[in-house]
Every structure is written in structure tokens, then in C-alpha cells.
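One structure is given here, and the rest of the page talks about it.
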Amino acid sequence: MWKARAYKILPQVVTDYPKHRWLFVTLTVKNCQIEELRENLDSINKAFKRFTELKAWPGKGWVKSIEVTKGRDGVSAHPHLHILVMVPPSYFSHGYLSHTKWVTLWQQCLRIDYQPIIHTSAIAKHHNPSLLIPEILKYQVKESDLVGDREWFLELTRQLHKSRAIAVGGILRQYMRQLEEKNQDLIDESEETDEVDGESLYFRWERKLQRFNIE
């Protein structure tokens, strides 16, 4: 659903703001125990909100997603953020954040006493940011991490229950609102699900209606 949204709005954003540039940013924190994942995700989300409220924050719009991978020890959890950031044309001439500055600001927003690992890369001019959608809006957890340890998987499920994995901010939020107004049938924000009798469900894409229908 989120990929469908992004594929629809990003081309229009690029058309409306042809001179703006895009960054792909990954913000990380230290691994935590799987039982402490929800608490850590709350802290990360609050820290990111502080980041976007800083005067130094360069983003005019952004798409943020949370990914959780299993630590190398096979027990801990590694939560981190993938962010597609839209920046003004002037970003690389003034207002530019060096890698050191990114680290410093993220550390301050997290309110931690260690330097977190951050990766930033600029998308080349004339390259469509939609190409990064599969990387940014991928599954929240790797499939391989779900099948290796039953207890880890069950605790992960409890920790992520009703958590929000994806968020949109800045200029992109308005585009998302417009899309929702045009595609209420395609986009449903409710948590409710319909129970359907039967062992299997089949869905067919209706091109004219731009929605899936249950067979």
C-alpha cells in the first residue's frame, strides 16, 4: 500500500520541484534486547521528530521507514531508520551537513552518550527518487530473521504490534493528503479487518478502479 502511494506522489513532486535534490539517509542506534524494542522505537521516533524541528534540518519533505534486523549475536534487535529526504537546490552550497554534523545532531536528538552510525548519500541529479522506493519501503523485518528463532519472532511480533512503521512529513504530507482524497478505496487508514470464511483469498487488480477486488 505504501509503495503504491509513493510511486504515485513522487513523480509529481519531482515535476513540481525539479531543482530540488534528494538524499538517502540511514540513522541507527545501538542494538537493544528484543524485549526493549518498543521502548527503543519510541525513543527513536521522538528523536527524529526533534531532528526535523531543528533549524539545521535540511529536509523540505521526507519519507521515513523503520527496519528491525536481528543483531549479529542472534538475540538482540537492531532498529534503524531509512529516510528519503527532499532538500532545496541550495543545500550543497549552503546549509550542507557534513557527515560529522549529521552524527552530532542525531546524537543530540537521541540524547545518548555515544556516536551513532549514520549513512548519507545524495541521489544524482536527474535520477528519479522513485528508484529508491523498494529500498526505503521494504518489509519492516527481513524474512530470514523471522524463521530462525520462534521465541524471538513471537516477542518481535508483540513489540511491533500496532506500531507505525512508515511516516511522511513536510511538503510530501500534502501530496499524501491529496492522494488519499482521490483514492479512498485504495488507501484505508483503519486498523479494522474483515473476516471472510474460507481457506484461501484471491485478489484481482481492477485497473479502471485502481484497487484490488476479492475473488
Side-chain angles (χ1 to χ4, degrees), residues 1-29 37-38 40-69 79-91 95 97 102 105-106 109-110 116 118-123 127-141 160-193 210-212:
M1 180 183 69
W2 276 99
K3 285 182 180 179
R5 292 176 171 183
Y7 278 122
K8 283 181 176 293
I9 69 171
L10 284 181
Q12 186 59 51
V13 175
V14 172
T15 298
D16 293 345
Y17 297 89
K19 295 184 179 181
H20 279 58
R21 297 289 301 277
W22 298 81
L23 309 177
F24 180 42
V25 181
T26 301
L27 304 176
T28 76
V29 295
L37 178 59
R38 180 177 289 274
N40 276 263
L41 289 177
D42 288 343
S43 296
I44 292 171
N45 284 324
K46 290 177 181 177
F48 182 72
K49 186 175 185 297
R50 295 188 199 106
F51 205 166
T52 61
E53 293 172 349
L54 293 178
K55 185 177 181 180
W57 171 252
K60 298 302 180 183
W62 58 90
V63 179
K64 171 180 71 79
S65 69
I66 294 175
E67 183 180 13
V68 180
T69 54
H80 51 283
L81 304 180
H82 292 301
I83 311 159
L84 182 63
V85 185
M86 174 186 177
V87 296
S90 59
Y91 173 73
L97 296 182
W102 274 99
L105 293 176
W106 181 231
C109 292
L110 283 169
I118 289 180
H119 298 286
T120 62
S121 59
I123 301 176
H127 280 204
N128 192 334
S130 299
L131 297 176
L132 280 179
I133 291 176
E135 176 63 23
I136 296 171
L137 302 180
K138 55 187 177 181
Y139 288 109
Q140 193 174 5
V141 185
L160 294 180
H161 181 59
K162 291 189 177 181
S163 64
R164 186 175 184 180
I166 300 170
V168 178
I171 292 173
L172 301 187
R173 187 175 297 165
Q174 181 58 37
Y175 285 84
M176 193 64 70
R177 289 197 189 104
Q178 294 173 2
L179 179 61
E180 289 172 353
E181 292 173 359
K182 295 178 181 178
N183 298 274
Q184 287 298 328
D185 290 335
L186 175 64
I187 301 173
D188 183 6
E189 292 290 351
S190 71
E191 294 290 339
E192 298 178 1
T193 57
Q210 289 293 293
R211 60 174 290 179
F212 286 99

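Side chains included, hydrogens not; waters and symmetry mates left out as well; all remaining heavy atoms used.
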Within the structure provided, determine whether [X] and [Y] are in side-chain contact (heavy-atom separation under 4.5 Å).
{"X": "L160", "Y": "L41", "value": "yes"}
{"X": "I166", "Y": "S65", "value": "yes"}
{"X": "H80", "Y": "T69", "value": "yes"}
{"X": "V14", "Y": "P129", "value": "yes"}
{"X": "H20", "Y": "P89", "value": "yes"}
{"X": "V85", "Y": "Y91", "value": "no"}
{"X": "I83", "Y": "V63", "value": "no"}

Test your reading of the model: is there a side-chain donor-acceptor pair from [X] to the backbone of [Y], 3.5 Å cut-off?
{"X": "R38", "Y": "H161", "result": "yes"}
{"X": "W106", "Y": "T28", "result": "yes"}
{"X": "R50", "Y": "L110", "result": "no"}

Distance, nearest 0.5 Å, that separates [atom1] of [X] from [atom2] of [Y]:
{"X": "I118", "Y": "T26", "atom1": "CD1", "atom2": "OG1", "answer": "9.5 Å"}
{"X": "L54", "Y": "C109", "atom1": "CG", "atom2": "SG", "answer": "4.5 Å"}
{"X": "I123", "Y": "F24", "atom1": "CD1", "atom2": "CZ", "answer": "8.5 Å"}
{"X": "I171", "Y": "M86", "atom1": "CD1", "atom2": "CE", "answer": "4.5 Å"}
{"X": "H82", "Y": "H119", "atom1": "NE2", "atom2": "NE2", "answer": "9.5 Å"}

I would like to know whether F48 and I66 meet side chain to side chain contact (heavy atoms under 4.5 Å, CB included); could you show each step before the answer? CA-CA 11 Å; F48 182 72; I66 294 175; over 6 Å; no
Atom of [X], atom of [Y] and distance for their closest heavy-atom approach:
{"X": "P88", "Y": "P58", "value": "CD-O, 3.4 Å"}
{"X": "P79", "Y": "V29", "value": "O-CG2, 3.7 Å"}
{"X": "R173", "Y": "G169", "value": "NH2-CA, 3.6 Å"}
{"X": "L105", "Y": "A56", "value": "CD1-CB, 3.9 Å"}

Does F51 form a side chain to side chain contact (heavy atoms under 4.5 Å, CB included) with L81? I'd like the steps, not just the answer. CA-CA 13 Å; F51 205 166; L81 304 180; over 6 Å; no
Does I9 have any side chain to side chain contact (heavy atoms under 4.5 Å, CB included) partners at least two apart in sequence or in another chain, and if so, which?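 Testing I9 for side chain to side chain contact (heavy atoms under 4.5 Å, CB included), a comparison that skips the adjacent residues, returns Y175, M176, L179.
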Going by side chain to side chain donor-acceptor pair (under 3.5 Å), name the pairs with one or both residues in residues 51-62, residues two or more places apart or in two chains.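 Counting only pairs at least two positions apart or across chains, the side chain to side chain donor-acceptor pair (under 3.5 Å) contacts touching residues 51-62 are K49-E53.
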For T120, all residues meeting side-chain hydrogen bond (donor to acceptor under 3.5 Å, both in side chains), sequence neighbours excluded: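 Partners of T120 by the side-chain hydrogen bond (donor to acceptor under 3.5 Å, both in side chains) criterion come out as none, since no residue qualifies.
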